[in-house]
> 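Starting off with a structure, shown below.
The structure presented is a predicted model; accordingly, all values stated were derived computationally and were not measured. Sequence lines set the chain letters: A, B, ... in the order given, protein chains first and strands last, and positions in each chain run from 1.
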Protein chains: 2
Amino acid sequence: MARTQGSHSGITGPRIREAALQLFAQHGYAAVSMRQIAKEVGVQAGALYNYTPDKQSLLFRLMESHMRELLAAWGDLVVEGDAAVQLEAFVKFHIRFHMQRPDEVFIAYMELRNLNEENFAGIEVLRRSYEDALEQILKDGVASGCFRIPDTKIATLAVIAMLNGVMTWYRSGGRLSLEEVEGVYWEMVRNAVGA
Amino acid sequence: MARTQGSHSGITGPRIREAALQLFAQHGYAAVSMRQIAKEVGVQAGALYNYTPDKQSLLFRLMESHMRELLAAWGDLVVEGDAAVQLEAFVKFHIRFHMQRPDEVFIAYMELRNLNEENFAGIEVLRRSYEDALEQILKDGVASGCFRIPDTKIATLAVIAMLNGVMTWYRSGGRLSLEEVEGVYWEMVRNAVGA
DNA sequence: AAGATAACTGAACATTTGTTCAGAAAAAAG
DNA sequence: CTTTTTTCTGAACAAATGTTCAGTTATCTT
């Protein structure tokens, strides 16, 4: 037999990405085979190559689209107010956005070393762009006397690292609601930047 | 030919661990083959099995000894003073210790999912133990009115996540010295806990 | 209904994987 | 020097890897 009933490109493509996303996040890119992905989709391994030129591209596209969505979502969120208000918005946006996409986040931060040189450079540009958005807020806050920060570059990375920490332990349905988590982290960040 | 000149158990064992450490950190456990490790040591793949029962144990032992050294080093550091003094000591100890072992740290936080169930549980116990040490300081600080923290459990994880962030960007010989980095992070942590 | 196209199978490919083991050679012991 | 022990080689194993492709079938077009 060959083509199965109900097979369709418009549905198989997304399902492949979903399966790859989940499996990469759970076991790691290198530990997941194309056959495992295919099995999850309910298809033979060869069929995957109608949707991706190779395994590497599968990973890269997942990471790239995630980073682009992140930047686009933050870009859409126009915030009026001083640096403190903007920082609060950033903190809560970051936590909320990332908690809605645990698998994508995990991959974006763990599988960088499995990208080839060219793809790695592409993702780094996007990531840098996101970090710059936060650093600009911190710089504005320092300039306006709103924040007291010894080093905005370090503070940028420290804040993002701290916020990303939430992904390692938060399970929705846990002790705290998303709003409470946002609040707790915002308070810690606010203190950390001296606002 | 078989046994080569100058071959010795006392020297090959550590070299295998060093090679595995460096390669696992650079490319990831799943992406590194036993033959690559052997090549780095200058030996055939079969020889590795005189020193480890299998690849999994190689990873586990690296992680386990790192966690035990971490706990032992913190245990040896007796700190006299209130919660703020102890927290400062912890922050600076954590940064210094981890910066001296970038590869071990990377593996300990990235390769957990490549441990089998039993080994994973073993490492988790050790990690929890380290987190508890920090949380105890935070609890003491809250009890004595030294810190203002909404949730010591979250704060513990947030502080560790923030400190671990330094490993992702710091290169020795960079813009800041180790002492300066310690100082910057300590100030941010001090603010974050309201001290 | 007939033909064209798109989607998938199933087998095959060359490599690479972790691991085992008989045998060889160096080192240590006598 | 001779024997024993330790340490390693080199080949082999079955299984798994990413990828290709000729052929088969469902779906779409006319």
> Between A:Tyr49 and A:Lys55, is there a cation-pi geometry (under 6.0 Å to ring centre, at most 45° from the normal)?
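That pair does not qualify as a cation-pi contact.
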
> Starting at NZ of B:Lys39 and ending at C1' of C:dT16, how long is that distance when rounded to a whole Å?
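Taking NZ of B:Lys39 and C1' of C:dT16, I get 14 Å after rounding.
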
> Answer yes or no for B:Arg101 and B:Phe97: cation-pi contact, defined as NZ/CZ to six-membered ring centre under 6.0 Å and angle to ring axis within 45°.
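Cation-pi check for B:Arg101 and B:Phe97: passes.
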
> With a 3.5 Å cut-off and heavy atoms only, can you find an N or O donor on one side and an acceptor on the other between the side chain of B:Arg3 and the base of C:dA26?
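Checked by distance alone, the answer is yes.
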
> Starting at atom CG of B:Asn50, determine the distance to atom P of C:dC21, rounded to an integer number of angstrom.
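Distance check: B:Asn50 CG to C:dC21 P gives 13 Å.
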
> Which whole-number value in Å describes the distance from A:Met34 CE to C:dT16 P?
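These atoms are roughly 18 Å apart.
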
> D:dT7 P sits how many Å from B:Arg15 CZ, rounded?
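In whole Å, D:dT7 P and B:Arg15 CZ are 15 Å from each other.
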
> OH of A:Tyr49 versus C1' of C:dT9: gap in Å, rounded?
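Atom-to-atom, A:Tyr49 to C:dT9, this comes out as 15 Å.
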
> Starting from P on C:dT19, measure out to CG on B:Leu58 and report it in whole angstrom.
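Answer to the nearest Å: 10 Å.
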
> Would you mind reading off the distance between B:Lys55 atom NZ and C:dT20 atom C1', rounded to a whole angstrom?
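Distance check: B:Lys55 NZ to C:dT20 C1' gives 17 Å.
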
> Do B:His98 and B:Tyr170 meet the criterion of a side-chain donor-acceptor pair at a distance under 3.5 Å?
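The answer is no; no qualifying pair exists.
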
> I want to check one thing: is the phosphate of D:dA16, taken as OP1 and OP2, less than 4.0 Å away from some side-chain N or O of A:Ser33?
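Result: no.
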
> Name the residue closer to the 5' end of DNA chain C, choosing between B:Ala31 and B:Gln5 according to the nucleotide with the nearest heavy atom.
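Nearest nucleotide further toward 5': that of B:Ala31.
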
> Base, sugar-phosphate alone, or nothing: which one does A:Val32 contact when heavy atoms must sit under 4.0 Å apart?
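A:Val32: backbone/sugar contact only, no base atoms under 4.0 Å.
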
> Whole Å only: how far is the CG atom of B:Leu48 from the P atom of D:dG10?
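Those two atoms, CG and P, are 15 Å apart.
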
> Within the pair B:Thr4 and C:dA26, is there a side-chain N or O less than 4.0 Å away from OP1 or OP2?
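False: B:Thr4 side-chain N/O out of range (4.0 Å or more) of C:dA26 OP1/OP2.
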
> Ignoring hydrogens and geometry beyond distance, is a side-chain donor-acceptor pair present between A:Asn114 and B:His27 at under 3.5 Å?
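No.
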
> Quick check: on DNA chain C, is the nucleotide nearest A:Gln44 upstream (toward 5') of the one nearest A:Arg35, or the reverse? Name the residue that is more 5'.
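Looking at DNA chain C, the more 5' nearest nucleotide goes with A:Gln44.
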
> Is A:Arg127 close enough and on-axis enough to A:Tyr109, meaning under 6.0 Å and within 45°, for cation-pi?
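Cation-pi check for A:Arg127 and A:Tyr109: passes.
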
